[in-house]
Every structure is written in structure tokens, then in C-alpha cells.
Amino acid sequence: MSNNFTRRTLMKSAAAASLATAFAGRSAFAADEPLGIALVVPSPIGDVGWGHALAAGIDPIKAAYGDKVKVTVIENIAEGPDADRIMNKTVADGNHFLIAGSFGYQNGALQIARRNPKVTVLHASGFQVAPNFSPFAAKYFQGTYLLGMAAAAVSKTGKLGSVSAFAIPELITSINAFTLGAQAVRPDIEVSVVWVNSWFDPAKEQEAAKALISQGCDVIFSNAQDTPSVISACEEAGVYAFNLNSSMKKYAEKTYLGCIATDWSPFFKASVDAHLAGTFKGANTFLGVADKVVEVTDWNPAIPADTMSKIKEIEAKIADGSFSPFTGPITKADGSEGAASGATLTDAQIVAMDWHVKGVTTPLPK
């Protein structure tokens with residue numbers, strides 16, 4: 001059973017919620033009641049994008065547990081005080097499993113976990129860990145490396161672009177791997193980036209895509225947009241494009257290069273299982289191709305056959321752990337060493353990445 005609420009619906013009652021109410025809600029929770037699961041996301045769920053992928057990840061839980069779980073999805077919640085109040089309200093209402101679906105929810109969600117030790121919290125894209133608090137992120141870079149190879153093979157200008165949401169490590173690594181994958185096919189490739197500083201701004205995203213196209217970029221990476229604005233603009237201009245999280249092929253039948261799809265259900269289901277068994281332990285969870293969380297889909301048939309053969313070889317090596325996109329030599333955009341020859345960056349180094357590789361021509365925001 002699922003309920004969907006918007007910010008306005010929930011804020012009416014959220015303002016009155018307090019810490020005392022939160023504790024009362026927890027202590028009143030009966031053992032024979034269904035487990036309340038709340039998902040909070042920063043943009044509309046829609047039919048594509050990040051929020052859509054997170055919501056789809058809960059479906060197997062509902063299928064497995066039926067009326068033993070009650071799911072509430074709260075969409076379009078901006079990062080900041082509103083999100084903190086709303087997440088507190090969900091716990092006060094008896095939800096003992098919270099999925100905080102945005103990087104900017106981290107501090108508020110972590111405080112909820114610390115105040116409510118019987119509540120399990122999963123937090124998207126962060127780095128803080130507590131006994132009942134697990135950050136989770138996808139190794140998108142494994143897929144963007146592969147699509148970088150494809151992009152270089154279909155590009156005529158040698159100029160690629162990315163419309164990107166926020167300059168956080170998760171998105172920086174995706175751009176860097178995209179660039180490295182492209183350079184593996186064509187060493188002179190350059191990548192330009194426009195940061196829109198929003199998870200959901202269709203007009204701004206479309207404007208950014210058009211700006212990159214006007215600069216000669218003929219393959220565009222829509223990096224963490226929850227709308228098909230970039231993909232649609234590229235289709236109209238006859239420019240290849242790809243995106244994260246869920247397929248947007250229907251918005252670009254001709255120029256859709258592919259999708260780095262995410263399936264969160266294995267992680268979500270295992271976390272709910274552990275919560276119900278009383279064995280949940282907070283950990284920094286970083287999942288990719290080998291975990292069947294990340295998969296590249298919707299490959300465009302225009303990608304040359306020899307390139308696709310190489311892509312599939314690398315994909316298999318990524319899956320078995322014998323290849324990492326971040327194995328040196330890697331040079332940073334400023335000319336310094338990113339990784340020595342033969343050295344592979346650790347997960348800890350990757351999730352903290354705050355630099356671009358050589359070939360990315362747009363400086364990171366200050």
C-alpha cells in the first residue's frame with residue numbers, strides 16, 4: 001500500500017511536530033503493526049529520473065512483504081529546514097524506516113537517526129555513518145566510462161558536454177570517468193560542463209544543453225537531471241545524449257545513446273530484511289555493476305560494432321573486478337598527478353573526489 005504526498009500536504013502538520021512527539025510516536029508503535037517505510041525525495045517522482053528510480057526500488061519490498069509494510073512516498077521536498085521537519089514528522093507518525101533521498105538531507109536525517117535508535121535511516125549520496133544510518137551511492141562512473149567510449153566513437157567534433165546538477169563527488173566522478181572512457185577511444189577528446197545547481201529545473205537544463213550544443217558539443221551527458229529536458233533538446237538538435245538512473249529513450253528515439261540505469265531494490269530489500277531481523281548495521285554502501293545495481297541499457301545501434309565489442313569487454317572486466325576506470329596514469333585538469341601508473345583509486349578516494357581529470361575544460365565551482 002503506497003501513499004504519495006507533496007510538500008504542501010505534509011507541511012501543514014509537520015510544523016507542529018517536535019522531538020517529544022517523535023519519541024511518543026516511536027514508543028506507541030505496536031509490534032504487530034506494519035513496518036512504516038518513508039521515502040523522501042527532492043523532485044517529483046514522475047516517470048523518469050532519480051526519484052522514479054528510488055520509488056521503483058521499493059516495489060519489490062511491497063511485493064515481498066505485502067501488508068506487513070506500509071510505504072509513504074513524499075516527493076518534491078527541497079533540501080533544508082522543510083525537509084528536516086518533514087522527515088521528523090514521518091518518524092513521529094510511526095515510520096521506523098526512512099530513506100532520505102537527497103545529498104542535502106544528510107544532517108537532518110543523521111540527527112533523526114541519533115535521536116531515534118530504533119529507526120533505520122538510509123541516506124542517498126552522503127558520507128556520514130552511524131549504527132542505524134547508512135549512506136548509499138551508485139558507482140555511476142562504471143557506466144559513464146562505457147558511455148564515454150561510445151560517445152567518442154560517434155562524435156564528429158571531438159567535443160563532449162555535460163549538463164550537471166551539483167558539483168558533489170558523485171557527479172564529479174561520473175564526469176571524470178566519462179572523460180577517461182572517451183579518451184581511451186580518442187585521446188584528444190574535451191569535455192565541457194554546465195552546472196545548473198538544481199536537481200529539477202527543466203528550463204535551466206534545456207538552456208544549458210543548448211549552450212553546450214552551440215559550442216560544438218555533439219554528445220551530451222545529462223548528469224542527474226530528473227527531467228528529460230536535456231534529452232529532448234538533444235533529440236531536437238540531432239545530438240546524441242545519455243543520462244543516469246532510468247531510461248529516457250522515449251524522449252529521444254533517434255539520438256538516445258544509452259542509460260546508466262540503477263536498481264536500488266537489492267540494497268533496499270536487504271536493508272529492510274536486516275531492520276526486521278534486528279541485525280541492521282550502518283555502513284557506507286557503494287554499489288555498482290557487480291552488485292547488479294548499475295547497468296547500462298538502451299545502447300544506440302549507431303555505435304560502431306568494433307567499439308561495442310571493446311565496451312562489452314571492459315564491462316565484463318568491471319563486473320569481475322579486474323578493471324577500474326580510475327586506474328592510473330591519471331592526470332588532473334591542473335596538470336598534477338591524479339593516480340600513478342598502475343595505481344587504482346580506492347573507494348574512499350573516489351567518493352571524496354573534488355578534482356577534474358585532464359580533458360575537462362570547465363573549472364569546478366569555487
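Being a predicted model, the structure only gives us computed values, none of them experimental.
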One should read off an interatomic distance between Asn300 CG and Leu257 CG, to the nearest 0.5 angstrom, of 6.0 Å
Give the C-alpha distance, both sets of side-chain angles, the deciding distance and a yes or no for side-chain hydrogen bond (donor to acceptor under 3.5 Å, both in side chains) between Glu205 and Thr227.
CA-CA 9 Å; Glu205 293 159 10; Thr227 79; 2.5 Å; yes
For Gly108 and Asp84 the tightest heavy-atom approach is CA-OD1, 3.3 Å
Could you walk me through whether Asn132 and Arg114 pass side-chain hydrogen bond (donor to acceptor under 3.5 Å, both in side chains), step by step?
CA-CA 8 Å; Asn132 58 332; Arg114 287 173 173 167; over 6 Å; no
Please confirm whether the ring centroid of Phe242 lies under 6.0 Å from the ring centroid of Phe178.
yes
Under 3.5 Å, is there a donor-acceptor pair between the Ser222 and Asn243 side chains?
no
Under a 3.5 Å distance rule, please check whether Glu337 uses its side chain to pair with a backbone N or O of Thr331 as donor and acceptor.
no
Assess the side chains of Asp218 and Ser155: does a donor N or O sit below 3.5 Å from an acceptor N or O?
yes
Could you check whether any side-chain N or O of Gln106 sits under 3.5 Å from a backbone N or O of Phe127, counting only pairs where one atom can act as donor and the other as acceptor?
yes
Closer than 3.5 angstrom, by distance alone: can the side chain of Ser164 be matched with the main-chain N or O of Phe166 as a donor-acceptor pair?
no
Starting from the C-alpha separation in whole Å, work towards a yes-or-no answer on side-chain hydrogen bond (donor to acceptor under 3.5 Å, both in side chains) for Asn176 and Tyr145.
CA-CA 8 Å; Asn176 284 345; Tyr145 184 92; over 6 Å; no
With no hydrogens and no angle check, is any side-chain donor or acceptor of Asn116 less than 3.5 Å from a backbone partner on Lys118?
no
Sub-6.0 Å ring centroid separation between Phe136 and Phe268
yes
Kindly say whether Met87 contributes a backbone atom to a donor-acceptor pair with the side chain of Thr90 at under 3.5 angstrom?
yes
Please check: side-chain N/O of Asp263 versus main-chain N/O of Ser265, any donor-acceptor pairing under 3.5 Å?
yes
Short side-chain to backbone donor-acceptor contact, Asn245 and Ala53, under 3.5 Å:
no
Short side-chain to backbone donor-acceptor contact, Lys204 and Val196, under 3.5 Å
yes
Stepwise, does the salt bridge (charged side-chain N to carboxylate O under 4.0 Å, His left out) test hold for Asp347 with Lys139?
CA-CA 9 Å; Asp347 283 354; Lys139 295 181 179 180; 3.8 Å; yes
Sidechain-backbone polar pair: Asp201 side chain, Ser198 backbone, donor-acceptor under 3.5 Å
no
Is there a donor-acceptor contact under 3.5 Å linking the side chains of Glu235 and Thr255?
yes
NZ/NE/NH1/NH2 to OD/OE distance under 4.0 Å, Asp334 and Lys358:
no
Mutual orientation of the aromatic rings belonging to His275 and His96 [parallel < 30°, tilted 30-60°, perpendicular > 60°]:
perpendicular
State plainly whether the residues Asp306 and Lys310 are in salt-bridge range, i.e. N to O under 4.0 Å.
no
Quick check: does any side chain N or O of Thr307 sit under 3.5 Å from a backbone N or O of Ala150, one acting as donor and the other as acceptor?
no
